[in-house]
Number of protein chains: 2
Amino acid sequence: MKKISEGTISRLFTYLRELEQLADFKIPTISSAELGERVNLSDAQVRKDLSYFGQFGVSGSGYDIRKLRDRLAKILGKDQAWQVAVVGAGNLGSALLSYPGFRLRGFKLVAAFDSSPEKIGRRIKGVTVEPMERLGESIREKGVEMAVITVPAGSAQQAAEQLVAAGIKCILNFSPTSLMVPAEIIVKDVHLCREMETLSYFLQHRR
Amino acid sequence: MKKISEGTISRLFTYLRELEQLADFKIPTISSAELGERVNLSDAQVRKDLSYFGQFGVSGSGYDIRKLRDRLAKILGKDQAWQVAVVGAGNLGSALLSYPGFRLRGFKLVAAFDSSPEKIGRRIKGVTVEPMERLGESIREKGVEMAVITVPAGSAQQAAEQLVAAGIKCILNFSPTSLMVPAEIIVKDVHLCREMETLSYFLQHRR
DNA sequence: TAGATTGTTAATCGATTAACAATC
DNA sequence: TAGATTGTTAATCGATTAACAATC
């Protein structure tokens with residue numbers, strides 16, 4: 001299979017979410033043009049993205065909504081639940097643990113870790129905050145495959161290393177540092193300040 | 001001035017942050033190759049990004065660290081503070097209000113709004129949560145130019161409309177919906193579930 | 001059959017990388 | 001001067017868009 005870009009994958013999730021909503025209505029099919037219009041993308045983009053994974057449509061009539069939804073769900077891993085650990089139980093970590101959207105979308109936040117004694121033992125939405133020393137053991141016990149880092153910049157690298165040592169392959173990083181991890185580890189950075197910064201730049205240069 | 005991509009702007013902020021750290025040491029200059037190496041980018045990329053805004057270097061010796069830092073800070077709007085409002089004072093909104101990184105980077109979260117009566121009046125890091133009805137007035141009083149939306153999906157569009165009506169030009173949107181706003185409004189979406197989803201896809205297809 | 005719409009190939013666009021003359 | 005490094009132009013790469021034959 002050829003390399004598929006992150007852009008394509010992200011848009012496929014967008015199509016899937018739209019199809020899930022459409023499936024509730026009575027219409028059975030949708031064209032690439034209609035689907036694209038609903039999510040602000042061109043018909044060509046929709047067909048191209050889908051084409052990486054096979055042929056899902058019927059010439060002249062479009063795509064069967066429920067069938068495409070189910071195929072995409074399978075392809076994108078939305079037919080299964082993912083166990084997730086949160087490292088850092090501060091304000092952001094707690095907010096993520098409390099965010100109902102994750103579970104709704106198949107992500108079960110089942111473990112939380114923090115180094116500060118006063119946080120350890122606290123329960124947040126049914127998850128007990130554990131000490132960092134328990135990280136490896138707890139992750140293995142709970143079958144966690146993905147982790148979110150919400151610790152301050154200074155502790156992020158160490159947290160990442162503990163996660164890698166525990167066998168985690170996939171990290172969502174909210175700390176403003178770039179993590180140094182082995183090449184096979186998939187890291188996605190969400191730098192909140194950076195988002196704000198690019199926004200402020202474009203505001204400054206438009207006003 | 002020709003159109004500059006978001007990628008370039010984001011990287012310029014990365015260079016700036018690196019230069020701020022470097023300025024603390026005694027070395028006076030740095031080459032594009034060294035700077036690039038520190039932030040995992042090529043020397044060509046560094047020079048190209050900078051070239052959109054002028055000539056900052058000296059052939060043979062590189063860039064004066066403090067001088068480039070100051071020039072970039074000016075260009076990127078980091079020589080001023082930005083007033084920011086948070087719409088939605090739930091877990092995520094509260095976490096953002098409590099996050100010290102924003103203020104450190106020049107973003108002052110000075111207003112917070114929520115529709116739920118039990119949240120109104122609460123103080124979070126010195127900011128009092130106000131009712132949605134106060135949004136326009138408060139934003140004008142405080143000179144707010146940027147807003148962050150952290151309300152649930154169902155209320156996001158309405159929140160956006162109130163912000164636009166209040167004169168806000170720039171929105172950071174954490175709700176999982178795509179906002180419909182006039183073309184001149186700059187919206188940046190941060191879809192936490194989507195980040196998690198793309199991550200889970202690549203994990204699934206690599207294991 | 002005629003109209004609609006697919007899947008795919010070719011054209012375009014934009015961003016990154018490589019190369020190098022200019023120059024400190 | 002010789003070595004280092006810039007700023008910029010040209011080449012490459014990858015992603016998006018347009019076009020259209022195939023086909024339901």
Side-chain angles (χ1 to χ4, degrees), chain A residues 1-15 18-19 22 27-69 71-72 75 178 194 198 201-202, chain B residues 1-16 18-19 22 27-72 75 178 194 198 201-202:
Chain A
M1 193 194 286
K2 64 175 83 81
K3 182 71 167 62
I4 292 158
S5 78
E6 196 172 318
T8 292
I9 299 305
S10 178
R11 286 189 298 271
L12 287 170
F13 279 106
T14 304
Y15 307 147
E18 194 62 31
L19 291 165
L22 287 162
I27 36 156
T29 64
I30 192 166
S31 69
S32 58
E34 278 180 273
L35 179 54
E37 194 172 14
R38 297 185 71 101
V39 297
N40 280 311
L41 294 164
S42 71
D43 59 324
Q45 183 78 81
V46 172
R47 294 200 301 281
K48 182 110 255 232
D49 287 335
L50 293 173
S51 76
Y52 293 112
F53 291 94
Q55 309 188 159
F56 305 100
V58 177
S59 296
S61 62
Y63 302 89
D64 181 303
I65 289 173
R66 287 145 183 281
K67 222 164 79 183
L68 182 56
R69 174 196 64 185
R71 299 283 306 273
L72 282 183
I75 289 165
S178 277
R194 180 58 43 81
T198 57
Y201 169 83
F202 286 108
Chain B
M1 191 194 288
K2 64 174 85 79
K3 181 72 167 64
I4 292 159
S5 77
E6 195 173 319
T8 291
I9 299 304
S10 178
R11 285 189 299 272
L12 287 171
F13 280 106
T14 304
Y15 307 148
L16 174 56
E18 193 62 29
L19 290 165
L22 286 163
I27 36 158
T29 63
I30 192 166
S31 68
S32 56
E34 277 179 274
L35 179 54
E37 193 172 15
R38 297 185 72 100
V39 297
N40 279 311
L41 293 163
S42 71
D43 59 323
Q45 182 80 80
V46 172
R47 294 199 303 280
K48 182 109 252 232
D49 287 335
L50 293 174
S51 75
Y52 292 113
F53 292 92
Q55 308 189 158
F56 306 98
V58 177
S59 296
S61 62
Y63 302 88
D64 181 301
I65 289 173
R66 287 146 182 281
K67 222 164 78 183
L68 182 57
R69 176 197 62 186
D70 294 341
R71 299 283 307 271
L72 282 183
I75 290 165
S178 278
R194 180 56 43 82
T198 57
Y201 169 82
F202 287 108

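Please read all numbers here as calculations on a predicted model, not as lab measurements. Heavy-atom basis, side chains included; hydrogens, waters and symmetry copies ignored. Chain letters run A, B, ... following the sequence lines, proteins first and then strands; every chain starts at 1.
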Base-pair string, DNA chain C, Watson-Crick plus G-U, cut-off 3.5 Å on both distances, | for inter-strand, is ..||||||||||||||||||||||
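No option in A:Glu37, A:Lys48, A:Arg47 other than A:Arg47 meets the side-chain hydrogen bond (donor to acceptor under 3.5 Å, both in side chains) test with A:Ser32. Among A:Thr14, A:Asp64, A:Leu72, the single residue meeting the side-chain contact (heavy atoms from CB on, under 4.5 Å) criterion with A:Leu19 is A:Leu72.
With values rounded to the nearest 0.5 angstrom, B:Leu16 atom CG is found 10.0 Å from B:Ile75 atom CD1. Considering OG1 of A:Thr8 and CZ of A:Arg11, their distance stands at 4.5 Å, rounded to 0.5 Å.
A:Asp49 places its CG atom 11 Å from the P atom of D:dA15, with the value rounded to the nearest Å. What separates NZ of A:Lys3 from C1' of D:dC13 is a distance of 14 Å, to the nearest Å. Rounded to an integer number of Å, the gap from CD of B:Gln45 to P of C:dG14 is 17 Å. One atom, CG of B:Asn40, and another, P of C:dT17, lie 12 Å apart when rounded to the nearest Å.
Residues A:Arg194 and B:Phe13 come closest through the heavy atom pair NE-CB, 3.4 Å. Shortest non-hydrogen contact noted between A:Ile65 and A:Ile27 is CD1-O, 3.6 Å. Smallest separation of non-hydrogen atoms from B:Tyr201 and A:Ile9: CE2-CD1, 3.3 Å.
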Do nucleotides 3-11 of chain C as a string where each nucleotide becomes B, S or -: B if the base has a protein heavy atom under 4.0 Å, S if just the sugar-phosphate does, - if no protein is that close. -BBBBSB--
Might you work through the side chain to side chain contact (heavy atoms under 4.5 Å, CB included) test for B:Tyr52 and B:Leu12, ending with a clear yes or no? CA-CA 11 Å; B:Tyr52 292 113; B:Leu12 287 171; over 6 Å; no
